[in-house]
Amino acid sequence: MAELPDKRTAPVDWYLAVVEAADLSDKRYGVKGMNVWTRYGFRARRNLDRVLVREIEATGSEAVEFPALIPATEFAKEKEYIKGFDAQVYWVTKGGLSELDVPLVLRPTSETAIYPIFALWVRSHQDLPLNVYQIVNTFRYETKTTRPFLRVREIHFFEEHTCQADEARATERVRSNLAAFARMAASLGLPYLAIRRPEWDKFAGAYYSIAFDTPIGGARTLQLGSVHHYRDNFSVPYGITYERADGSRTYVHQTTFGLSERLIGAIVAVHGDERGAAFPTEIAPYEVVVVPVPTAPTRAALEATAAELAARLDRAGIRAFVDRGDERPGAKYFRWELKGVPLRLELGPREVAAGRVTSVDRFGRKGSVSLAGLETEIAERLREFDDELGRRARERFAASFAVATDLAQLAGSDRVRLVGWCGSEACGHAIEKAIDGALLGTPEGPTPAVDGPPSRCIACGTTEGARWAVAAQPV
RNA sequence: GGGACUGUGGGGUAGCUUGGUCCAUCCUUCGGGGUUCGGGACUCCGAGACGCCAGUUCAAAUCUGGCCAGUCCCA
């Protein structure tokens with residue numbers, strides 16, 4: 001297997017090489033931005049979905065599924081939304097041989113598919129809150145370069161859509177989503193900042209947008225997902241109203257929460273290193289791989305023992321795989337490290353004689369596990385691995401930010417920059433130009449690497465109302 | 001929307017300027033045999049490509065045109 005490009009000096013080449021070498025995605029399908037999920041990559045995706053479902057359902061959301069095609073007439077009802085999306089939708093204009101009277105849009109996101117039906121579902125205050133999510137594929141005609149998982153045209157999309165009685169309750173739902181994402185990200189070992197987007201960069205049609213961003217080296221960041229408060233911006237054009245207890249009628253306030261397979265790309269980009277990918281155990285296609293280290297006479301017995309170990313782990317809910325391939329053990333070690341498996345078990349004659357098995361985690365930390373206590377000891381090792389994975393990620397996260405006090409410091413920056421900002425759009429664009437990227441917005445929680453508020457706006461120097469904002473190069 | 005560039009086995013490439021020495025190079029991958037097996041084994045045999053369509057020419061991976069696909073830059 002060839003050497004990987006250097007992650008520091010050639011991050012994009014490194015990322016593409018890891019995705020390919022780890023066999024997470026096959027990009028040879030003949031449509032730009034539409035890639036094939038391999039067996040290995042799909043396992044990761046299924047595990048990711050399981051975490052998302054678990055956490056969102058814990059907040060009282062239920063699964064639904066709406067159709068992929070949307071009549072043009074419904075699609076066009078909210079004018080900001082249309083402006084934001086009409087340049088990147090796929091159209092279905094023919095049915096068989098005939099032109100359709102009403103062309104159909106292949107959903108770029110599902111507001112316009114769902115809200116006409118919400119208008120039918122919501123009638124009384126007793127129908128609220130309405131919290132539903134779906135995990136479906138959405139389609140966007142991306143014109144920029146596409147990258148597996150990070151920028152695709154067929155998106156594996158998680159989207160929650162809710163209706164609340166009023167603005168305050170919608171705000172509460174946003175808070176609840178932020179907390180749910182915090183739990184999801186913890187499962188993935190991904191540190192991030194929740195950042196309120198500036199006016200000019202909020203979701204089309206939103207009252208405000210809060211996005212989750214994580215640094216991935218240099219000044220570059222990756223958006224992991226977003227939560228939006230729509231107020232009644234959609235419920236008015238779509239007529240989603242309810243009757244209060246006193247008989248009066250009013251519009252609902254809505255929120256959405258969106259995530260995608262980008263999270264898998266983020267796991268690769270954030271946790272990966274010179275050896276390849278590194279999966280947190282919740283998402284790992286296999287949590288444990290057993291590698292027999294045979295000599296000719298012990299081969300059959302060792303493979304049988306390895307299969308038993310894997311079966312025991314599977315029964316204990318730990319996804320395990322026995323690598324019986326014809327390669328030498330060392331070649332297998334390299335491959336499974338590249339593929340990001342958290343824990344490897346080496347089983348040779350020495351281990352069998354001692355009633356133990358050697359464990360080596362993705363970071364190369366060795367241990368010895370007794371066969372008798374296999375399940376509990378492995379579970380413990382996996383916990384230790386996740387702790388270490390998270391610790392390393394947080395360490396890099398903390399080192400990713402630096403304050404800039406002058407626009408000149410933004411050019412060619414090797415960190416994500418925290419800047420004082422007065423809140424004006426003109427200054428925002430000046431900052432974006434200086435860093436050749438974007439002003440992501442203002443952090444929702446505490447801002448890392450700073451103490452107290454900024455003294456002034458980095459662009460205009462105003463001291464009045466200056467607050468911390470994040471400037472970066474989003475990928 | 002404007003411009004530049006690129007397209008060679010499954011992946012990565014050499015060859016293209018100056019047409020012939022190319023039934024296309026090397027690495028990797030894949031299939032089979034043998035010797036091996038505690039950190040990327042070795043060896044033997046085998047498989048696999050010039051984006052598509054036209055044109056020029058005695059002769060095209062190489063030149064020309066169109067198309068398709070992709071990449072990058074600018075708006």
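Reckoned from all heavy atoms, side chains included, excluding hydrogens, waters and symmetry mates. All figures in this text were calculated on a predicted structure; none of them were measured in a lab. Numbered from 1 within each chain, the chains take letters A, B, ... in sequence-line order.
- Under 3.5 Å, the side chain of A:Arg344 and the base of B:G39 form at least one donor-acceptor pair of N or O atoms.
- Rounding to whole angstrom units, OH of residue A:Tyr29 and C1' of B:G70 are separated by 17 Å.
- B:A49 and B:C22 have their C1' atoms separated by 13 Å, with the value rounded to a whole Å.
- Distance CG (A:Leu338) to P (B:U29): 13 Å, rounded to an integer number of Å.
- Here, B:G38 and B:G12 have their P atoms 32 Å apart, quoted to the whole Å.
- Within 3.5 Å, a donor on the side chain of A:Glu351 pairs with an acceptor on the base of B:G38, or the reverse.
- When the P atom is compared between B:C50 and B:G34, the two are found 34 Å apart, to the nearest whole Å.
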Can you name the atoms? Protein N/O to nucleotides 31-37 of chain B N/O, anything below 3.5 Å, with the distance.
residue, atom, partner, partner atom, Å
B:C37, O2', A:Pro294, O, 2.9
B:C37, N3, A:Arg299, NH1, 3.1
B:C37, N4, A:Arg299, NH1, 3.3

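- Between the P atom of B:U28 and the CZ atom of A:Phe334 lies a distance of 16 Å, rounded to the nearest Å.
- Within the 4.0 angstrom heavy-atom criterion, only backbone atoms of the sugar-phosphate kind lie near A:Arg147; the bases stay farther away.
- When the C1' atom of B:A69 is taken as reference, atom CZ of A:Arg153 falls 11 Å away, rounded to whole Å.
- Applying the ring pair (Phe, Tyr, Trp, His ring centres under 6.0 Å) test to pairs two or more places apart or on separate chains, those with a residue in residues 336-381 of chain A are A:Phe321-A:Trp336, A:Phe363-A:Phe385.
- For A:Glu444 and A:Arg196, the salt-bridge test passes: some basic side-chain N is under 4.0 Å from an acidic carboxylate O.
- Atom-to-atom, CD of A:Glu142 to C1' of B:A69 comes out at 18 Å; the value is rounded to the nearest Å.
- Residue-to-nucleotide proximity on RNA chain B shows that, of A:Lys144 and A:Tyr333, the 5′-proximal contact is made by A:Tyr333.
- For the P atoms, the distance linking B:U57 with B:C5 amounts to 27 Å, nearest Å.
- The CZ atom of A:Arg356 sits 17 Å away from the C1' atom of B:G38 (whole-angstrom rounding).
- Cation-pi geometry between A:Arg140 and A:Phe157 is satisfied (NZ or CZ under 6.0 Å from the ring centre, within 45° of the ring normal).
- Proximity of the aromatic rings of A:Tyr81 and A:Phe75 is defined here by a centroid distance below 6.0 angstrom, and this criterion is met.
- Between the side chains of A:Thr112 and A:Glu78, no donor-acceptor pair is found at a separation under 3.5 Å.
- Contacts of A:Lys32 with the nucleic acid, taken as non-hydrogen atoms under 4.0 Å apart, involve only primed sugar atoms and P, OP1 or OP2.
- A cation-pi geometry, defined here as NZ or CZ lying under 6.0 Å from the six-membered ring centre and within 45° of its normal, does not hold between A:Arg417 and A:Phe401.
- Using a distance-only test at 3.5 Å, with no hydrogens or angles considered, a donor-acceptor pair links the side chain of A:Arg153 to the main chain of A:Glu142.
- Between A:Arg391 and A:Glu388 there is a salt bridge, with a side-chain nitrogen of the basic residue lying less than 4.0 Å from a carboxylate oxygen of the acidic one.
- A salt bridge (charged side-chain N to carboxylate O under 4.0 Å, His left out) check over residues 291-302 of chain A, counting only residues at least two apart or in different chains, returns the pairs A:Arg299-A:Glu303.
- For RNA chain B, the stems formed by at least three consecutive Watson-Crick or G-U pairs, with both atom-pair distances below 3.5 Å, span B:1-7 with B:68-74, B:10-12 with B:26-28, B:29-35 with B:41-47, B:51-55 with B:63-67.
- Donor-acceptor pairing under 3.5 Å is recorded for the side chains of A:Asp386 and A:Thr281.
- Between A:His161 and A:Tyr115, the ring centre distance stays below 6.0 Å.
- In this structure, A:Asp26 places its CG atom 17 Å from P of B:U29, rounding to the nearest Å.
- A donor and an acceptor atom, one from each side chain of A:Gln223 and A:Arg197, are located under 3.5 Å apart.
- For B:U64 and B:C73, the C1' atoms lie 27 Å apart once the distance is rounded to whole Å.
- The two atoms that bring A:Ile155 and A:Ser260 nearest to each other are CG2-CB, 3.8 Å, heavy atoms only.
- The aromatic rings of A:Tyr141 and A:Tyr90 lie perpendicular to each other, with more than 60° between the two planes, well past the 30° mark.
- Comparing the same atom, P, in B:G51 and in B:A69 gives a spacing of 16 Å after rounding to whole Å.
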Anything under 3.5 Å between a protein N or O and an N or O of nucleotides 10-14 of chain B, put it in a table, one pair a line.
residue, atom, partner, partner atom, Å
B:G10, O3', A:Arg28, NH1, 3.2
B:G10, O2', A:Arg28, NH1, 2.1
B:G11, O2', A:Glu20, OE2, 3.3

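- Ring geometry for A:Tyr230 against A:Phe234 counts as tilted: the plane angle lies between 30° and 60°, on a 0 to 90° scale.
- Rounded to a whole angstrom, the distance from the P atom of B:G15 to that of B:U36 is 42 Å.
- B:U71 and B:G65 have their P atoms separated by 24 Å, given to the nearest Å.
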Identify all pairs in which a protein N or O lies below 3.5 Å from an N or O of nucleotides 3-9 of chain B, and state each distance.
none

